[in-house]
Amino acid sequence: MSIRSFNLIKRNYSQSNSKFFVTTPIYYVNASPHIGHLYSSVIADALYRWQQVLGAGKFKFSTGTDEHGSKIQQAAHKNNTNPSDYCTRVSSDYKRLSEVFSISYTDFVRTSDEEHKKCVHKFWNVLKNKGKIFSSKYAGWYCISDESFLTESQLKEKVGPDGRKTIISGESGHPVEWIEEVNYMFPLGSLQDDVKYWLRSENAVRPAKFQKILLDMVSKGPLPDISISRPASRVHWGIQVPDDETQTVYVWLDALVNYLTAAGYSHASLHQIWPPSVQVIGKDILKFHGIYWPSFLIAAGLDPPLSILCHSHWTVDGEKMSKSKNNVVCPFQRSEIYSSDGLRYFLLREGVAHSDGNYSDTKVIRILNSELADTLGNLLSRCCGTALNPHQTFPKIEASAFESVASSDVTKKLIEDVATLPDVCMGHYSNFNFYKAVDRVIATLHQANLFFETFKPWELKKESAKTRELDVVLHLTLETLRVCGILLQPIIPNIASNLLNKINVARERRTFSDAKILSWDDTNFVRKELAKDKTLLFKRIVLEGDRKKTKQ
RNA sequence: GGCGGCGUAGCUCAGCUGGUCAGAGCGGGGAUCUCAUAAGUCCCAGGUCGGAGGUUCGAGUCCUCCCGCCGCCA
């Protein structure tokens with residue numbers, strides 16, 4: 001069965017398509033959420049919100065938790081509870097992550113849900129009926145902790161205190177043992193050409209670095225058959241293989257089907273939303289999503305995803321994040337200091353998909369204070385203060401006064417920046433370059449501050465003959481804030497909402513089209529009242545004992 | 001060992017297709033302003049673009065070799 005037979009037309013899904021389906025990985029419940037989990041969710045949420053800024057449609061955003069496997073059995077036992085209760089508890093932490101950080105998912109899938117089991121069974125039977133599952137005796141080195149078969153190159157020898165040698169996983173350090181057993185197998189090699197073809201399409205995997213890694217993997221020689229079940233005697237917390245109670249479905253097959261579960265695989269609605277538009281993943285699970293997953297899908301006669309966005313990891317103060325180093329960054333704890341939008345901003349502003357980011361609290365504080373409190377928040381305050389804006393309005397402007405102000409080079413630059421900003425952001429968001437989009441927005445806000453400084457409205461205020469020019473300065477600056485606010489909604493939804501509320505932008509006027517219609521071109525513009533509340537977009541972060549040097 | 005990715009100012013990045021032999025933000029220093037979230041604006045310092053060689057009138061950008069980091073495979 002050839003992949004060429006189905007529709008892989010290159011398309012820019014960032015346009016206002018009728019449908020959009022974005023996914024995060026489902027998070028393994030062996031541990032609480034950390035900054036890396038948040039990063040995946042925030043990226044997916046930004047993509048989802050951007051789609052909404054572009055326009056209405058049938059959208060779906062799935063996330064969830066991966067709850068099966070022997071590690072969960074062990075973790076539950078360690079916590080003196082059963083796997084089901086244990087999973088419910090930790091899964092609720094991931095739901096809380098989404099709630100705290102405004103992750104606007106539509107579907108939360110738990111692999112222990114009955115609906116998911118139905119989908120896994122259905123998928124299994126489809127693969128089986130297509131002759132893609134066969135039973136075979138399998139022998140190899142097996143790591144119980146990691147629940148994986150390993151090749152000999154992945155092993156190391158370890159000498160114990162008594163001089164005895166044991167074989168361990170080279171990667172995790174956990175012990176391995178030689179196992180011979182009967183498992184169900186899947187012929188990865190039979191889909192290799194199709195997967196290679198899919199990988200070569202332009203947007204299949206982004207950034208290109210990860211696309212090349214995958215192409216390298218599938219171009220090296222035939223892919224092996226892989227085991228897709230485990231004996232139930234060893235792994236009983238999972239989904240039973242249909243019609244064979246002695247085997248449990250391999251956790252990766254189980255987990256990957258969650259995306260189908262979210263899309264309505266067990267009932268007829270799947271094709272209303274399938275295939276996924278973007279699947280967001282971390283680089284540690286690249287092989288499963290970039291080779292296994294499309295192989296399974298193609299074998300089952302389903303389209304692979306239109307795009308996989310693979311992001312890199314976060315180091316912490318230059319070191320890999322790990323429990324043993326005790327440097328795992330807890331997003332809940334950090335959000336209490338930096339706010340949820342603040343943490344979102346930092347991750348999307350500082351993170352680039354192609355290389356590891358470095359998390360540092362010093363950097364977080366500096367970026368948030370400089371850009372959210374100062375550049376953005378202070379600019380709003382300059383416009384809304386009663387000294388310059390006693391009537392608390394977003395004023396209408398007179399054409400002659402506008403022309404007078406617009407003749408300045410600084411004003412021309414600002415108007416050009418604001419006019420081109422929506423399309424520039426469109427380009428960057430479409431290519432998943434959030435940091436470039438944010439960079440342009442911040443640059444535009446700097447230009448607005450320069451414009452404000454150039455025209456010195458606090459001096460215009462003193463001359464009654466210059467009141468109309470003062471209105472123009474306030475108007476242009478508030479309009480810049482309005483456009484920037486619309487474009488920042490995917491990044492900092494709450495701060496953007498507060499900003500747009502303050503300048504009285506109607507909720508239904510916060511779309512990409514609204515960002516393109518500029519007030520000085522809008523003959524129907526009506527003077528707007530600013531909201532009465534004293535809006536503080538972002539409170540500057542000051543740590544105890546950290547006293548800023550006062551300037552003279 | 002083979003293959004792939006990366007290496008640009010203290011930090012994070014831009015600089016795609018060879019052409020002011022280099023920019024931005026943050027951080028640092030100075031000046032100035034007072035509308036404003038003690039904010040804004042301006043100026044300055046910081047660069048062997050990992051190293052060496054080559055192609056070219058001209059290379060951060062192309063080629064070769066070497067060094068370092070990361071990943072995959074053996």
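Sequence lines set the chain letters: A, B, ... in the order given, protein chains first and strands last, and positions in each chain run from 1. Everything numeric in this text was worked out from a predicted model, so none of it was measured.
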Categorize A/Gly377 for me: base, sugar-phosphate, or nothing, with a 4.0 angstrom heavy-atom threshold over every strand shown. base
B/U12 P sits how many Å from A/Ile365 CD1, rounded? 17 Å
Distance check needed: B/C26 P versus A/Asp361 CG, whole Å only. 20 Å
Show your working on side chain to side chain contact (heavy atoms under 4.5 Å, CB included) between A/Ser519 and A/His475 and close with a plain yes or no. CA-CA 9 Å; A/Ser519 61; A/His475 181 103; 2.7 Å; yes
Please report the distance separating the C1' of B/G27 from the corresponding atom of B/G46, rounded so that it comes out in whole Å. 11 Å
A/Asp216 has a side chain; which of B/G40, B/C72, B/G5 sits nearest to it? B/C72
Would one find a side-chain N or O of A/Ser370 under 4.0 angstrom from OP1 or OP2 of B/C26? yes
Gap in Å between the two P atoms, one belonging to B/G1 and one to B/C63, rounded: 23 Å
Check for me whether the distance between the ring centres of A/Phe394 and A/Phe525 falls short of 6.0 Å. yes
Whole-angstrom distance between B/A59 and B/A52, as gauged at atom P: 14 Å
Round to the nearest Å and state the distance from A/Arg382 atom CZ to B/C33 atom C1'. 9 Å
Applying a 3.5 Å limit to both distances, which nucleotide forms a Watson-Crick or G-U wobble pair with B/U34? none
Using the side-chain heavy atoms of A/Leu536, tell me which of these nucleotides is nearest: B/G40, B/U37, B/G4. B/U37
Categorize A/Ala387 for me: base, sugar-phosphate, or nothing, with a 4.0 angstrom heavy-atom threshold over every strand shown. sugar-phosphate
Expressed as a whole number of angstroms, how long is the span from A/Asn433:CG to B/A14:P? 8 Å
Which part of the nucleic acid, if any, lies within reach of A/Leu450 when heavy atoms closer than 4.0 Å are counted: base, sugar-phosphate only, or nothing? sugar-phosphate
Counting side-chain heavy atoms from CB outward, which of B/C33, B/U12, B/C13 is closest to A/Trp458? B/C33
Rounded to whole angstrom, note down the C1' distance from B/G23 over to B/C65. 31 Å
Which is it for B/G29, anti or syn, if anything within 90° of zero counts as syn? anti
Should the pair A/Asp439-A/Arg349 be classified as a salt bridge under the 4.0 Å nitrogen-to-oxygen rule? yes
Could you pick out which residue, A/Met217 or A/His354, lies toward the 5' side of RNA chain B when each is mapped onto its nearest nucleotide? A/His354
Is there a side-chain polar atom (N or O) of A/His446 under 4.0 Å from OP1 or OP2 of B/G25? no
A/Asn358 CG to B/C6 P, straight-line distance once rounded to whole Å: 20 Å
Out of B/C26, B/U41, B/C13, which nucleotide sits closest to the side chain of A/Arg366? B/C26
Geometric class of the A/Trp458/A/Phe452 ring pair [parallel <30°, tilted 30-60°, perpendicular >60°]: tilted
Regarding A/Glu529 and A/Arg527, does a basic nitrogen lie under 4.0 Å from an acidic carboxylate oxygen? yes
Phosphate-side-chain proximity, A/Tyr435 and B/G25, N/O vs OP1/OP2 below 4.0 Å: no
Side-chain N or O of A/Ser312 versus OP1/OP2 of B/G5: is the shortest distance under 4.0 Å? no
Span that lies between the P atom of B/U41 and that of B/A22, in whole angstrom: 26 Å
Would you measure the distance from the C1' atom in B/C73 across to the matching atom in B/C26 and give it in whole Å? 40 Å
Using a cut-off of 4.0 Å on non-hydrogen atoms, how would the nucleic acid contact of A/Asp439 be classed: base, sugar-phosphate, or nothing? nothing
Mate of B/C69 across any strand shown (Watson-Crick or G-U wobble, both atom pairs under 3.5 Å) is B/G5
Looking only at the aromatic ring of each residue, does the gap between the centers of A/Phe434 and A/His311 stay below 6.0 angstrom? no
Should B/A24 form a Watson-Crick or G-U wobble pair with both distances under 3.5 Å, which nucleotide is its partner? B/U12
Classify A/Ile442 by what it touches in the nucleic acid, base, sugar-phosphate, or nothing, heavy-atom distance under 4.0 Å. nothing
By the 4.0 Å heavy-atom rule, please label A/Ser360 as base, sugar-phosphate, or nothing. nothing
Options B/G40, B/U34, B/A14, nucleotide nearest the side-chain atoms of A/Lys436: B/A14
Base, sugar-phosphate alone, or nothing: which one does A/Lys462 contact when heavy atoms must sit under 4.0 Å apart? nothing
Using a cut-off of 4.0 Å on non-hydrogen atoms, how would the nucleic acid contact of A/Phe538 be classed: base, sugar-phosphate, or nothing? base
In Watson-Crick or G-U wobble terms, both distances under 3.5 Å, what is the partner of B/U48? none
Could you go through A/Ser312 and A/His354, starting from their C-alpha distance and side-chain angles, then the distance that decides it, and tell me whether this counts as side chain to side chain donor-acceptor pair (under 3.5 Å)? CA-CA 6 Å; A/Ser312 297; A/His354 57 266; over 6 Å; no
Closest nucleotide among B/G40, B/G25, B/U12 to the A/Glu350 side chain: B/U12
In whole angstrom, give me the gap between the P atoms of B/C6 and B/U64. 15 Å
Is A/Asp45 paired with A/Arg49 through a side-chain N to carboxylate O contact shorter than 4.0 Å? yes
Looking across every strand, which nucleic acid part, if any, lies under 4.0 Å from A/Glu371 by heavy atom: base, sugar-phosphate, or nothing? sugar-phosphate
So what's B/G19 paired with, Watson-Crick or G-U wobble, going by both distances under 3.5 Å? B/C57
If I pick the C1' atom on B/G68 and the same atom on B/A24, what distance separates them, to the nearest angstrom? 27 Å
For A/Lys539 and B/A36, what is the distance between atoms NZ and P respectively, to the nearest whole Å? 18 Å
I want to verify a distance call: between B/U37, B/G40, B/C35, whose nearest atom is closest to the A/Leu388 side chain? B/C35
With a 4.0 Å cut-off on heavy atoms, is A/Lys363 in touch with a base, just the backbone sugar-phosphate, or nothing at all? sugar-phosphate
Please give, in whole Å, the distance from B/G5 P to A/Phe210 CZ? 13 Å
If you compare all heavy atoms of A/Leu38 against all heavy atoms of A/Pro331, which two are closest, and at what distance to 0.1 Å? CD2-CB, 3.9 Å
Whole-Å distance separating the CG atom of A/Asp374 from the C1' atom of B/U37: 7 Å
Map A/Lys287 and A/Phe452 onto RNA chain B by nearest heavy atom, then report which one ends up closer to the 5' terminus. A/Phe452
